[in-house]
Protein chains: 2
Amino acid sequence: MARWEPRAAERLQKAALELYLERGFEAVTASEIAARAGLARRTFFRYFADKREVLFAGSGQLAEALSDAVASADPALSPLNACLAAGESVGARLAEWSADAARRRQVIEASPELQERERSKMAQLTTAAVEGLARRGVDAERAQLVAEIAILIFHTAFARWIDGAGKVAFEDCYREATVELRAAVA
Amino acid sequence: MARWEPRAAERLQKAALELYLERGFEAVTASEIAARAGLARRTFFRYFADKREVLFAGSGQLAEALSDAVASADPALSPLNACLAAGESVGARLAEWSADAARRRQVIEASPELQERERSKMAQLTTAAVEGLARRGVDAERAQLVAEIAILIFHTAFARWIDGAGKVAFEDCYREATVELRAAVA
DNA sequence: CGAGTGATGGCACGGTGTGCCATTGCGATG
DNA sequence: CATCGCAATGGCACACCGTGCCATCACTCG
């Protein structure tokens with residue numbers, strides 16, 4: 001099966017996360033990441049469009065999952081509640097999988113450039129939610145607003161869950177954030 | 001008063017906006033912007049940290065104004081309402097001033113990189129609102145959530161106002177977005 | 001007139017991201 | 001087995017970015 005050492009992309013991600021942790025994002029070179037992964041600089045840019053993307057692999061699949069979850073949520077739910085339900089289930093799955101979440105977050109928090117990219121990924125999730133809402137027949141303007149609110153909750157909950165260092169369940173963070181939203185708006 | 005041609009930064013902004021409109025952000029070089037402004041490339045990077053920043057000058061002052069407006073809003077208002085009131089007044093002042101808003105928005109919408117930067121500027125506004133809320137004694141976690149909601153409204157209203165092409169008042173867009181928020185959450 | 005000062009220009013450097021082509025290793029086909 | 005095809009990889013060159021450093025310019029002040 002494997003012609004060369006397998007899982008090149010995975011190795012690059014691992015190497016990048018390590019180096020970013022050791023020296024900070026800006027002080028790390030694409031060549032260095034590639035070298036640690038046993039690959040050439042040119043190969044790095046085949047797998048990832050730039051130095052930031054290497055930390056956000058798989059976010060496209062997350063967006064797709066969210067879109068589907070929104071579209072297929074209980075038809076009786078309001079647009080916002082459909083998004084919130086979808087966000088909770090998708091986020092819960094994500095929370096199981098990622099043991100690197102805290103280290104990733106640590107790296108991102110130390111770099112404005114990476115924060116910028118993370119916001120783009122959140123925007124991508126918003127777009128996915130909008131798309132899911134469209135499949136429910138929600139009109140575009142309203143969908144945009146609703147999706148933004150839902151992703152705000154999602155992001156808030158995720159951040160708090162990571163800060164909780166495994167002592168709190170993601171779903172609890174999520175519901176707490178939802179309650180706070182409703183209280184703040186009321 | 002003026003040693004060289006005055007208002008170098010202003011000239012650079014004008015040249016950049018023109019070129020970005022003509023050829024798109026990515027196809028324009030810092031050297032070209034500087035040349036059109038009658039300056040050297042090196043000078044461009046003295047005024048603006050990178051090619052994106054040239055479109056976002058003055059956003060720092062906006063953030064400061066917002067922070068102050070939040071802090072000095074009617075003490076009887078809830079945190080969210082204080083932010084919303086502050087956002088409306090600051091946004092209204094901004095709406096008067098900027099005739100380039102539509103062209104700027106057109107350029108930004110055509111470039112993912114610029115959208116990324118715009119999100120950073122919105123985040124900066126959020127931080128400013130959080131700071132204003134802190135001066136009101138709102139605790140940090142709640143302030144973050146409330147500020148994000150307020151900036152979401154602000155951004156939505158601004159986008160719709162620009163799309164309205166001068167036919168609608170900013171305040172109307174703002175209030176409409178606020179009503180939709182409350183309806184969506186309820 | 002000369003010293004001081006702040007804006008500007010020029011230069012060089014390391015890094016980024018990309019197009020292009022050569023090389024490598026493996027499976028499939030005869 | 002020979003050889004073709006193919007996809008991953010590597011190497012090279014290039015334009016551009018952003019920055020440190022220093023020289024130059026134009027104006028002010030003593």
Side-chain angles (χ1 to χ4, degrees), chain A residues 1-20 22-57 60 107-108 110-118 120-121, chain B residues 1-20 22-57 60 107-108 110-118 120-121:
Chain A
M1 279 304 175
R3 304 180 175 189
W4 291 265
E5 288 301 311
R7 288 183 292 279
E10 208 170 308
R11 273 152 49 212
L12 286 167
Q13 291 175 55
K14 182 172 179 289
L17 181 57
E18 288 172 5
L19 285 167
Y20 291 168
E22 289 171 16
R23 311 212 301 264
F25 174 77
E26 290 174 15
V28 175
T29 269
S31 300
E32 295 170 329
I33 300 171
R36 182 170 294 202
L39 293 165
R41 190 179 86 101
R42 188 65 183 85
T43 303
F44 177 87
F45 286 112
R46 270 204 190 74
Y47 283 96
F48 305 102
D50 59 48
K51 263 175 68 188
R52 299 163 216 89
E53 276 300 303
V54 69
L55 280 182
F56 298 96
V107 170
I108 292 170
S111 158
E113 284 190 69
L114 290 173
Q115 291 168 40
E116 202 167 48
R117 181 55 54 88
E118 190 179 42
S120 288
K121 295 305 178 182
Chain B
M1 279 299 173
R3 304 182 173 188
W4 293 266
E5 288 301 311
R7 288 184 292 281
E10 209 170 309
R11 273 153 49 214
L12 287 167
Q13 290 176 56
K14 181 171 178 289
L17 181 57
E18 288 172 5
L19 286 167
Y20 291 168
E22 290 171 15
R23 288 191 263 140
F25 174 77
E26 291 174 13
V28 175
T29 270
S31 300
E32 295 171 328
I33 299 171
R36 182 170 294 203
L39 294 166
R41 190 178 85 101
R42 189 65 184 87
T43 304
F44 176 88
F45 286 112
R46 272 206 189 76
Y47 283 97
F48 305 102
D50 58 48
K51 262 175 66 189
R52 297 162 218 98
E53 277 299 304
V54 70
L55 281 182
F56 298 94
V107 170
I108 292 170
S111 158
E113 282 189 70
L114 291 174
Q115 291 168 39
E116 203 168 47
R117 180 57 52 87
E118 190 179 42
S120 288
K121 295 306 178 183

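Sequence lines set the chain letters: A, B, ... in the order given, protein chains first and strands last, and positions in each chain run from 1. These numbers come from the heavy atoms of this one structure, side chains and all, not from hydrogens, waters or symmetry mates. All figures in this text were calculated on a predicted structure; none of them were measured in a lab.
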Measure the distance from [atom1] on [X] to [atom2] on [N] and round it to the nearest whole Å.
X	N	atom1	atom2	result
Phe48(B)	dT8(C)	CZ	P	11 Å
Phe45(A)	dC16(D)	CZ	P	18 Å
Phe44(B)	dA7(C)	CZ	C1'	17 Å
Asp50(A)	dC17(D)	CG	C1'	14 Å
Arg11(B)	dA7(C)	CZ	P	14 Å
Leu39(A)	dT23(C)	CG	P	20 Å
Glu26(A)	dG18(D)	CD	P	12 Å
Ile33(B)	dC16(D)	CD1	C1'	12 Å

Would you say [N] has OP1 or OP2 under 4.0 Å from some side-chain N or O of [X]?
X	N	answer
Arg42(B)	dT24(D)	no
Tyr47(B)	dT8(C)	yes
Lys51(B)	dC17(D)	yes

> Does Arg46(B) get its side chain close enough to the base of dG18(D), under 3.5 Å, for a donor-acceptor pair?
Replying inline: no

> Below 3.5 Å, does any donor atom in the side chain of Arg41(A) face an acceptor in the base of dG15(C), or the other way round?
Replying inline: no

>> Checking the side chain of Arg11(A) only, and the main-chain atoms of Ala37(A) only, is there a donor and an acceptor separated by less than 3.5 Å?
In response: yes

> Within the distance-only criterion (no hydrogens, no angle test), does the side chain of Thr29(A) pair as donor or acceptor with the backbone N or O of Glu32(A) below 3.5 angstrom?
Replying inline: no

> Out of dG10(D), dG17(C), dC17(D), which has the shortest distance to the side chain of Thr43(A)?
Replying inline: dG10(D)

> Can you tell which of dG10(D), dG9(C), dG17(C) lies closest to the side chain of Arg52(A)?
Replying inline: dG17(C)

> Any ion pair linking Glu10(B) and Lys14(B) (charged N to carboxylate O, less than 4.0 Å)?
Replying inline: no

> So, do Arg52(B) and Phe25(B) sit near enough that their side-chain heavy atoms are less than 4.5 Å apart?
Replying inline: yes

> Considering only heavy atoms from C-beta outward, does the side chain of Tyr20(A) approach that of Lys51(A) to under 4.5 Å?
Replying inline: yes

